[in-house]
Amino acid sequence: MGISFLNVGCRLNYAELDYLASYFQEKGNGGREDFILINTCAVTQEAERKSLSLIRRYGKNRPVIVTGCLVGIAREKIENLPGVYRVLDLAEKEKLIENILPLPSRRRALVKVVDGCPGLCTFCVVPEIRGREIRSKPEEVIFSEISFLVARGFSEIVLTGLNLGLYGKERNSSLTSLLWRIFENCPGDFRVRLSSLEPDTIDLPLIKACASLPVCRHLHLAIQSFHRETLRRMGRRYQPEEVKDKIALIISEIPEVNLGCDIIVGFSGEGEEAFLETKKALEEIPFGYFHIFPFSPRPKTPAFSLPDDVPKGEKKKRVRVLWELGRRKRKSYEERFFGRELWAVEEREGMAVTDNYIRVKVLNPPVPKGIFPIRIVGRDGRWVKGIRRSYV
């Protein structure tokens with residue numbers, strides 16, 4: 001049996017797909033592509049729609065194996081789709097990839113370190129699917145995976161998890177401790193990037209570790225709103241002022257950090273004034289970019305029973321407004337580094353990404369392996385341009 005892979009969703013899903021690819025190759029199934037495995041997502045209605053569309057499209061011609069979060073809320077529906085050969089729930093998937101070294105499909109390697117989330121966010125179905133118990137991977141296993149990847153030429157390791165900042169909490173450890181121990185126990189020239197963090201899991205020791213170690217100057221925060229009452233209805237565990245104070249602390253320790261965030265617009269009860277409060281905060285805080293999502297009621301969540309009272313057209317308008325603001329913020333952040341030399345790794349052919357998350361079109365290819373210096377020289381349409389330093 002041969003198999004190929006498709007993914008919908010977040011970095012955690014991508015990471016798990018890398019482990020699955022390694023599992024099937026190890027079992028001798030990496031030859032002819034007779035089967036296709038689709039790793040689904042359920043976080044929004046759009047992610048569900050895309051996942052089901054892929055299953056239907058590929059199931060017309062090939063047997064499909066389906067796994068991922070959508071299985072947790074729509075298994076029967078998936079099983080009844082034409083072409084579905086097998087459905088793997090989250091427990092079955094976790095069992096398959098246990099003690100498996102990842103086989104990255106990208107130039108930057110993803111390493112899953114924790115699953116589960118005890119959060120009670122009213123809009124999020126994922127803890128219902130993946131579980132609320134924190135399950136941290138043992139440090140020794142993480143060291144083994146990173147050492148394996150670095151020895152094979154991967155120079156950037158992206159740590160990911162359902163709630164990354166809670167790594168180790170169930171055994172009196174922490175993400176901060178893990179970062180220090182990674183660089184004590186894993187030889188080689190590499191850097192670590194952190195995927196999305198919940199604001200309430202970030203503290204001064206973690207920020208100082210990011211500032212002191214070869215950790216990328218890039219933090220992505222799952223903030224969702226800057227309106228106090230909206231945050232309360234979302235079941236979030238912080239106030240806007242706390243987030244702003246934490247961001248100020250991050251910037252004081254890592255002055256040139258590229259800060260990104262997730263924002264949901266059109267949540268139940270979010271009036272125009274609430275939206276404008278979030279927009280004002282996004283304007284004032286030195287974010288380098290943000291991701292904007294229209295509120296999408298999900299089954300098995302408390303918010304599913306709330307009125308979806310912001311019209312679809314208004315949600316789209318708010319997404320456009322914040323998307324345009326984000327475009328300007330990204331451009332402004334990138335231009336701070338014109339004429340500067342940054343450290344980058346290859347992301348794909350002809351393209352690199354700097355430690356502070358600027359994607360750069362390399363004007364003098366080939367892009368070297370490993371971490372290399374690149375001088376940012378300007379912009380070419382949508383792309384920032386750079387010239388790598390030559391040692392010849």
| message | Looking at every heavy atom in both Leu282 and Lys329, which two are closest together, and how far apart are they? | response | O-NZ, 3.0 Å
| query | Looking only at side chains, do His220 and Asp262 share a donor and an acceptor under 3.5 Å apart? | reply | yes
| field | Connected hydrophobic set around Trp323, excluding itself, where side chains approach under 4.5 Å | value | none
| When you check the gap from the basic side-chain N to the acidic O, do Arg228 and Glu241 get nearer than 4.0 Å? | yes
| message | Would you say Tyr167 and Glu139 are linked by a side-chain donor-acceptor pair, where the criterion is simply a distance under 3.5 Å? | response | no
| query | Are Val192 and Leu110 linked, directly or through other ILVMFWY residues, by side chains that come within less than 4.5 angstrom of each other? | reply | no
| request: For the pair Phe183 and Phe190, name the ring-plane relationship: parallel under 30°, tilted 30 to 60°, perpendicular over 60°. | output: parallel
| request: Quick one: name the residues clustered hydrophobically with Ile387, using the 4.5 Å side-chain heavy-atom rule over I, L, V, M, F, W, Y, and just say none if it's on its own. | output: Leu363, Val377
| remark: Interatomic distance, CZ@Phe5 vs CG@Asn39, rounded to 0.5 Å, equals 10.0 Å
| query | So Tyr357 and Tyr289, would you call those rings parallel, tilted or perpendicular, with 30° and 60° as cut-offs? | reply | tilted
| Between the main-chain N or O of Gly119 and the side-chain N or O of Arg132, is there a donor-acceptor pair closer than 3.5 Å? | yes
| said: Could you check whether Glu156 pairs with Arg107 (Lys NZ or Arg NE/NH1/NH2 to Asp/Glu carboxylate O, under 4.0 Å)? | reply: no
| Salt-bridge contact Arg108-Glu346 (side-chain N to carboxylate O under 4.0 Å) | no
| query | Shortest non-hydrogen contact from Asp115 to Leu12? | reply | OD1-CD2, 4.4 Å
